[in-house]
Amino acid sequence: MLLMPFFVGVPLLGAFLNSILGKISDRISDFIGNLVPATLVVLSFLSLFTLKSLNFTPFVYKMAGWVPPFGICFVLDGLSILMLITVNIIALTATIFSIPYMEKYTDKWKYYTLFLLMLTAMNGAVITGDIFNLFVWLEIGAISSYALVAFGTEQEELEASFKYAVMSSSASLFILIGIGFLYSYTSTLNMADIGKTLLEKPNSTLVGFVSVLFLLGFGLKSALVPFHSWLPDAHPSAPAPISAMLSGVLIKSLGVYALTRVIFNIIGTTQLFLEILVILGSISMVVGVLLALYQWDYKRLLAYHSISQVGYIILGIGLGTPFGILGGLFHLVNHSVFKSLLFLTSGAVEYTTGTRDLQKMGGLSTKMPVTGNTSLIASMSIAGIPPFNGFWSKLIIVIACIQANKFWLALIAIIVSILTLASFLKIQKYAFFGDLKEGLQSIKEAPVLMCISMIILAGLCIFLGLVLLPDIKGFFLDPAVKVLENGVEYSRIVFKNIR
Amino acid sequence: MEFSWHWCFSKKMIEYLLCLILFSVGLYCILVKRNLIKIIIGLGIMEYAINLFFILLGYKSGGQFPILSKENFNIEHFTLNITQPMVDPIPQALILTAIVIGLAVTCLLIAIALRIYEKYGSYDIRDLNKLKG
């Protein structure tokens, strides 16, 4: 398992090479920018199979040979590998899409350099086993995403980026205070060791305070409702592939993943905290979808739906039952697939028509069949229509709510799903169906490479429901659920597996 | 631990309290000020408050500098012979990283603020009204 440093090393090297060689020609930066995510997809599947041969016990990579708790270690377990595969597949489709899409911007090499840095940060945050290292990855990802949101350097992009940067940086500072409190009590930075120390000498005052700090910080990063106001500005302002990355995987790997890892595995959950997660999740679901209903900007509407769907994930995980966690994690994977696809289709529409206003579109399906059909698949997926992937995860979450005797939550989840359907019918009706609007007669289908990446994601939308088959579920979703279910046992399991 | 005002204003706690006040000043600055540059300065103040907090965590009054040398470390028997406790060096290393990160954030924010000034002709956030969040 010497593969693990490559998850950080390969994209970092790619970013470095790109900043030197990419200036020569755009083709070189295209090549490096696509080769790196492709390599990472292969590497993450290789790690999945290696981890399966280890029977999903966590693998601890000792950086530079320092045995934990000294030095920084990487820990690869079921939850990390689930996130790694999701992040790298979405990144690959986003870079394929970028080849034609980013032609209209200057300095493509800067774009790819920042993209690869963001990818490094997400991979690093997912596999690290050291809490301060997690903070560093969080900041690297955040800084490169501020720059990418402002990439167009128009008025809207700059404004959105400034807002995002100020809010997200203050969130990071709250996380840093939390780390400071944990360090002062446990005198260690290794996640497993912190967990062990807290088990040996529990301190409920400290745990309560630190949980609130982390909820504030990571909640803002994952755009839960009281902290959501940066997302609908920042995500639509970025170039389309970056919107797909931000909404698809960044808010999950740096927000939801980090929150669940720190709270569930290190400092331990309490019933009160789970209740708070459930409440925040359901408020996010409702508020996100209600705000989305009256948007006329294609990408802005999608951004509000990200808030709503992250609410589903947090609701599922917050239920705390194995079935609820399964639903939450499966919805996390599904949401990254269909939301990226929706943002990519919005990018394709913007590329050909030059507008994001739904009222100026109409009848695009006749001229752009691939974009129209993939967008239809993604819309049905996010609205939860069988047999697409979104249906299965929402069904699991609803059943989990009922099993936990929370009928109101199940009802809210169903109503939000219907409202989601309503707002996506609006997109389909105004943008893709109906008569072709004046002035759109001369448009053509998006370039081939854009279509390829959209078709890959649409295929995933259709077939990802198969992941629930017992054989596949056993080595993709179940180990991840197991990690969260084990809770603070994490530290014992990690220390047992240091080889 | 029982709460008492006496403990709150003891010599050890007063430094942490001042640190909290500094943090709150920064947060107030971000929340209330309307000038982009003042917001960036507020973020800087918050960062410095946290840096100070970390340094206080590692500080021991009367502590020694944490460097192993021939005088205080016996390499053959692997034993320490020190007369007074050492200061914790790890928070200092962490803060070095945090300072670099803060520098990057500040640089980027100032660059964005300058571009905003080019586009809008103002540093006032009330003039930035293209987006409705």
Side-chain angles (χ1 to χ4, degrees), chain A residues 70 131-133 135-136 138-140 142-147 149-150 152-170 172-185 187-189 203 205 228-234 236-237 291 295 297 300 303-304, chain B residues 1 3 16 19-20 23 26-27 29-31 33 36 39-40 42-58 88 90-91 93-95 97-98 100-120 123 125 127-133:
Chain A
F70 308 105
I131 199 161
F132 191 75
N133 198 226
F135 169 76
V136 173
L138 217 67
E139 283 293 85
I140 294 173
I143 293 171
S144 41
S145 67
Y146 310 151
V149 167
T153 62
E154 291 301 317
Q155 290 186 334
E156 285 179 19
E157 280 109 353
L158 292 168
E159 194 182 326
S161 171
F162 192 84
K163 187 175 178 182
Y164 173 33
V166 170
M167 291 184 72
S168 183
S169 304
S170 16
S172 306
L173 292 179
F174 279 103
I175 296 169
L176 189 55
I177 304 178
I179 293 171
F181 275 104
L182 278 182
Y183 176 75
S184 71
Y185 187 67
S187 313
T188 174
L189 288 166
N203 181 339
T205 324
H228 69 286
S229 63
W230 59 271
L231 188 143
D233 287 342
S237 302
L291 289 170
Q295 300 298 325
D297 185 325
R300 207 172 169 76
Y304 275 111
Chain B
M1 193 188 296
F3 181 82
Y16 287 99
C19 193
L20 176 70
F23 185 80
L27 196 59
C29 192
I30 289 180
L31 294 175
K33 291 294 168 192
L36 294 183
I39 293 175
I40 297 171
L43 203 61
I45 293 174
M46 271 168 87
E47 270 165 24
Y48 285 125
I50 291 170
N51 294 352
L52 185 61
F53 174 67
F54 265 80
I55 295 298
L56 284 175
L57 289 181
D88 188 355
I90 290 182
L94 300 185
I95 283 315
T97 318
V100 175
I101 291 171
L103 175 76
V105 172
T106 313
C107 281
L108 187 67
L109 277 173
I110 289 174
I112 293 171
L114 286 177
R115 295 298 282 265
I116 287 177
Y117 187 75
E118 278 172 21
K119 300 277 177 190
Y120 287 88
Y123 281 124
I125 51 169
D127 295 336
L128 271 63
N129 46 16
K130 292 273 174 203
L131 296 170
K132 294 174 209 72

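Lettering of chains follows the sequences in order, A, B, ..., and the numbering in each one begins at 1. Computed from a predicted structure; not experimentally measured.
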Enquirer: Using non-hydrogen atoms and a 4.5 Å limit, figure out which bit of Leu94(B) sits close to chain A: side chain, backbone, both or neither.
Expert: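 Both the backbone and the side chain of Leu94(B) come within 4.5 Å of chain A.
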Enquirer: Mind checking salt bridge (charged side-chain N to carboxylate O under 4.0 Å, His left out) for Asp297(A) and listing every partner two or more places apart, or none if nothing turns up?
Expert: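 Result, salt bridge (charged side-chain N to carboxylate O under 4.0 Å, His left out) vs Asp297(A): Arg356(A).
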Enquirer: With a 4.5 angstrom heavy-atom cut-off, could you sort out which part of Leu43(B) is near chain A: side chain, backbone, both or neither?
Expert: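 Both parts, heavy atoms under 4.5 Å.
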Enquirer: Can you say whether the rings of Phe53(B) and Phe181(A) are parallel (under 30°), tilted (30 to 60°) or perpendicular (over 60°)?
Expert: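 Phe53(B) and Phe181(A): tilted rings.
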Enquirer: In Å, rounded to the nearest 0.5 Å, how long is the span from CD1 of Ile50(B) to CD1 of Ile177(A)?
Expert: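 So the gap between those two atoms works out to 4.0 Å.
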Enquirer: Can you name the closest pair of heavy atoms from Ala113(B) and Phe162(A) and give their distance?
Expert: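 Looking at all heavy atoms of both residues, the shortest contact is CB-CE1, 4.3 Å.
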Enquirer: If you round to the nearest 0.5 Å, how far is CD of Glu47(B) from OG of Ser169(A)?
Expert: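 Those atoms lie 7.5 Å apart.
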Enquirer: Mark yes or no for whether Lys119(B), through its side chain, and Thr153(A), through its backbone, hold a donor-acceptor pair below 3.5 Å.
Expert: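 Between the backbone of Thr153(A) and the side chain of Lys119(B) there is a qualifying donor-acceptor contact (under 3.5 Å).
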Enquirer: Any idea which of Leu27(B), Asp88(B), Ile30(B) has the most non-hydrogen atom pairs under 4.5 angstrom with chain A?
Expert: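 Ranked by heavy-atom pairs under 4.5 Å with chain A, first place is Asp88(B).
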Enquirer: Among Val166(A), Leu189(A), Leu158(A), Ile143(A), which has the most heavy-atom pairs under 4.5 Å with chain B?
Expert: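 Maximum pair count with chain B is reached by Leu158(A).
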Enquirer: Relative to chain A, which of Pro91(B), Ala104(B), Ala98(B) shows the most heavy atom pairs under 4.5 Å?
Expert: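 Heavy-atom pairs under 4.5 Å are most numerous for Pro91(B).
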Enquirer: Can you tell if the side chain of Glu139(A) reaches within under 4.5 Å of the side chain of Val105(B), non-hydrogen atoms only?
Expert: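 Yes, side chains in contact.
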Enquirer: Locate the shortest heavy-atom distance separating Glu159(A) from Tyr120(B); write the atom from each residue and the value.
Expert: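 Here Glu159(A) and Tyr120(B) meet closest at OE1-OH, 2.7 Å.
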Enquirer: For Leu36(B), is it the side chain, the backbone, both or neither that has a heavy atom under 4.5 Å from a heavy atom of chain A?
Expert: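 Both backbone and side chain of Leu36(B) come within 4.5 Å of chain A.
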Enquirer: Tell me the closest heavy-atom pair linking Ala147(A) and Leu108(B), and the distance in Å.
Expert: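 In terms of heavy atoms, the two residues are closest at N-CD2, 4.0 Å.
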Enquirer: With sequence neighbours left out, write down each residue that passes side-chain hydrogen bond (donor to acceptor under 3.5 Å, both in side chains) with Asn133(A), or none if nothing qualifies.
Expert: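 Listed in chain order: Thr128(A), Trp137(A).
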Enquirer: For Ile101(B), is it the side chain, the backbone, both, or neither that has a heavy atom closer than 4.5 Å to a heavy atom of chain A?
Expert: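 Contact with chain A: backbone and side chain both.
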Enquirer: With a sphere of 6.0 Å drawn around OH of Tyr16(B), does it hold more than 12 non-hydrogen atoms of other residues, nucleotides or ligands?
Expert: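 Yes, OH of Tyr16(B) has more than 12 neighbouring heavy atoms, counting only those of other groups under 6.0 Å.
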Enquirer: Hey, are the side chains of Phe132(A) and Thr97(B) touching, using non-hydrogen atoms and a 4.5 Å cut-off?
Expert: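 The answer is yes, as the side chains (C-beta and beyond) meet within the 4.5 Å cut-off.
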Enquirer: Could you check which of Tyr146(A), Trp230(A), Tyr183(A) has the highest count of heavy-atom pairs closer than 4.5 Å to chain B?
Expert: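 If we count pairs closer than 4.5 Å to chain B, Tyr183(A) comes out on top.
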Enquirer: Under 4.5 Å from any heavy atom of chain A, what part of Leu109(B) do you find: side chain, backbone, both or neither?
Expert: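 The answer is both parts of Leu109(B).
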Enquirer: Does atom OH of Tyr48(B) have more than 12 heavy-atom neighbours, drawn from other residues, nucleotides or ligands, at distances under 6.0 Å?
Expert: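 Incorrect, the count does not exceed 12.
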Enquirer: Once rounded to the nearest 0.5 Å, what's the spacing between atom CD of Gln155(A) and atom CD of Glu118(B)?
Expert: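 So the CD of Gln155(A) and the CD of Glu118(B) are separated by 11.5 Å.
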